[in-house]
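For reference, the structure is listed below as structure tokens.
What you see is a predicted model, and the numbers here were worked out from it, not measured in a lab.
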Amino acid sequence: MAQVLVRNLDDKIVARLKKRAAQRGRSLQAEVKQILEDAAAEADQAEVWKTIEQFRERMRRSGRTFSDSAELIREDRDQ
């Protein structure tokens with residue numbers, strides 16, 4: 001597994017990370033690892049949403065329209 005070394009962090013940042021880790025019952029290393037994993041997952045999600053929006057835009061330009069799914073669900077429930 002890869003390792004990452006972050007140099008020259010401000011002491012205040014490290015103290016806040018340690019406090020955050022303690023509040024969550026984790027070590028500093030586990031907390032930083034979780035923060036990085038969460039950030040990477042968010043970046044992946046952002047890329048997915050960007051791709052979805054690009055697809056929607058292509059569909060709009062081609063003249064295709066789509067119904068509001070919430071409205072369709074409401075109609076189905078009312079039957």
Side-chain angles (χ1 to χ4, degrees):
M1 201 175 267
Q3 294 184 16
V4 175
L5 173 66
V6 180
R7 297 181 191 274
N8 302 320
L9 283 175
D10 186 278
D11 290 339
K12 291 178 185 177
I13 299 294
V14 175
R16 289 197 327 224
L17 287 168
K18 284 181 180 180
K19 181 178 177 182
R20 179 179 162 145
Q23 290 170 342
R24 289 169 171 78
R26 298 181 183 140
S27 66
L28 176 60
Q29 178 180 338
E31 184 65 17
V32 172
K33 182 177 184 262
Q34 187 63 54
I35 291 168
L36 291 171
E37 287 173 353
D38 292 347
E42 288 175 18
D44 289 344
Q45 289 175 356
E47 188 61 33
V48 167
W49 282 110
K50 181 180 172 184
T51 302
I52 290 169
E53 287 304 318
Q54 289 170 345
F55 174 76
R56 287 178 176 166
E57 185 57 32
R58 283 196 314 268
M59 293 296 104
R60 281 187 208 107
R61 280 185 268 152
S62 71
R64 297 186 71 178
T65 58
F66 299 93
S67 303
D68 179 4
S69 60
E71 186 176 317
L72 294 172
I73 291 169
R74 279 189 215 100
E75 287 175 12
D76 191 45
R77 271 193 237 144
D78 291 342
Q79 292 182 5

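With sequence neighbours excluded, no residue satisfies side chain to side chain donor-acceptor pair (under 3.5 Å) with D44.
Contacts classified as salt bridge (charged side-chain N to carboxylate O under 4.0 Å, His left out) and involving residues 33-42 (residues at least two apart or in different chains) are given here: K33-E37.
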Would you check, one step at a time, whether the test side-chain contact (heavy atoms from CB on, under 4.5 Å) holds for K50 with E47? CA-CA 5 Å; K50 181 180 172 184; E47 188 61 33; 4.2 Å; yes
E57 vs R60, test: side-chain contact (heavy atoms from CB on, under 4.5 Å). Steps then yes/no. CA-CA 5 Å; E57 185 57 32; R60 281 187 208 107; 3.1 Å; yes
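Once rounded to the nearest 0.5 Å, the distance linking CG of D76 with CD of E71 reads 12.5 Å. The CD atom of E53 sits 7.5 Å away from atom CH2 of W49, with the distance rounded to the nearest 0.5 Å.
More than 12 heavy atoms of other residues, nucleotides or ligands shown are found within 6.0 angstrom of CD on Q54.
Nearest heavy atoms, S27 versus A21: O-CB, 3.5 Å.
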Donor-acceptor pairs under 3.5 angstrom involving side-chain atoms of residues 2-18: please list them, not counting sequence neighbours.
unit_1, atom_1, unit_2, atom_2, d
D10, OD1, K12, N, 2.7

